[in-house]
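Sequence positions, counted from 1, serve as the residue numbers for this chain.
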Amino acid sequence: MTGPFEDVVRAHGGTVLRVCRAVLGAGDADDAWSETFVAALRAWPDLPADANVEAWLVTVARRKSIDELRRRARHAVPVGDVAQWRGEPLVGVLPGPGDHDLDLWRAVGTLPDRQRRAVVLHHLGGLPYAEVARLVGGTDTAARRAGADGVATLRRTYGAAAPRRTSGTTTDDQGAS
């Protein structure tokens with residue numbers, strides 16, 4: 001591939017970060033973003049001239065993010081005090097659920113694989129459905145359908161269960177139709 005790699009980072013950095021955040025959440029997304037571009041820089045000279053750089057970077061970002069999830073699963077969770085292992089509760093070691101964004105990521109994670117990938121690649125990654133179809137497999141129409149079905153499922157499941165925010169307060173019933 002020709003051209004400065006810096007231009008590629010500038011043009012596609014936001015898309016790569018959205019994909020990393022979609023898979024990992026905001027905490028580890030920066031590391032996965034960096035790993036994506038380090039790997040891309042290494043492969044850049046050998047990339048075919050007709051390659052779709054954005055789709056390629058999204059694929060690398062997704063794989064680096066999954067690698068981070070696997071790495072996390074293999075490591076022990078640090079604890080603040082050894083006494084906690086002697087039968088005392090481990091309260092406060094891990095952040096508890098309740099953050100509104102974490103609920104959304106959990107809901108996205110429950111979607112069937114094809115729908116989840118279509119939603120993440122199109123709505124978060126910003127890829128057109130033609131590229132989503134190429135990455136996921138199938139036709140543009142099938143990718144569009146999977147994305148629409150995924151969003152509809154999220155609206156039904158997450159939208160119904162999520163607390164609504166009104167003027168800085170959270171209520172369960174306010175604004176529901």
Is there a chain of hydrophobic side chains (I, L, V, M, F, W, Y, each step under 4.5 Å between heavy atoms) that links [X] to [Y]?
X      : Y     : result
Val136 : Val23 : no
Val60  : Leu17 : yes
Val38  : Trp44 : no
Val53  : Val58 : no

Salt bridge (Lys or Arg N to Asp or Glu O under 4.0 Å) partners of [range], not counting sequence neighbours, each pair once:
range            : result
residues 10-20   : Glu6-Arg10, Asp7-Arg10
residues 116-127 : Asp113-Arg116, Asp113-Arg117
residues 138-154 : Arg145-Asp149

So, for [X] and [Y], which heavy atoms are closest and what is the spacing to 0.1 Å?
X      : Y      : result
Ala22  : Val120 : CB-CG1, 3.7 Å
Leu47  : Ala51  : CG-CB, 3.8 Å
Arg21  : Ala29  : CG-CB, 3.4 Å
Lys64  : Ala39  : CE-CB, 3.7 Å
Val132 : Ala118 : CG1-CA, 3.9 Å

(request) Check side-chain hydrogen bond (donor to acceptor under 3.5 Å, both in side chains) between Arg63 and all other residues, then give those that pass, not counting sequence neighbours. (result) none
(message) Could you work out, with side-chain hydrogen bond (donor to acceptor under 3.5 Å, both in side chains) as the rule, every residue matching Asp30, not counting sequence neighbours?
(response) none
(request) Would you please name every residue forming a side chain to side chain contact (heavy atoms under 4.5 Å, CB included) with Val16, sequence neighbours left out? (result) Cys20, Trp33, Thr36, Phe37, Leu57, Ala61
(message) So, using side chain to side chain contact (heavy atoms under 4.5 Å, CB included) as the criterion, who are the partners of Ser34 when residues are at least two apart?
(response) none
(message) Per the side chain to side chain donor-acceptor pair (under 3.5 Å) rule, what does the pair list look like for residues 128-137, sequence neighbours excluded?
(response) Asn52-Glu131, Glu131-Arg134
(message) Do Glu54 and Leu127 make a side-chain contact, defined as non-hydrogen atoms from C-beta onward lying under 4.5 Å apart?
(response) yes
(request) Starting at CG of Leu121, measure out to CG of Leu135 and round the result to the nearest 0.5 Å. (result) 6.0 Å
(message) Set out, in order, the CA-CA distance, both residues' side-chain angles and the distance that settles side-chain contact (heavy atoms from CB on, under 4.5 Å) for Leu111 and Leu154, then state yes or no.
(response) CA-CA 8 Å; Leu111 292 173; Leu154 288 174; 4.1 Å; yes
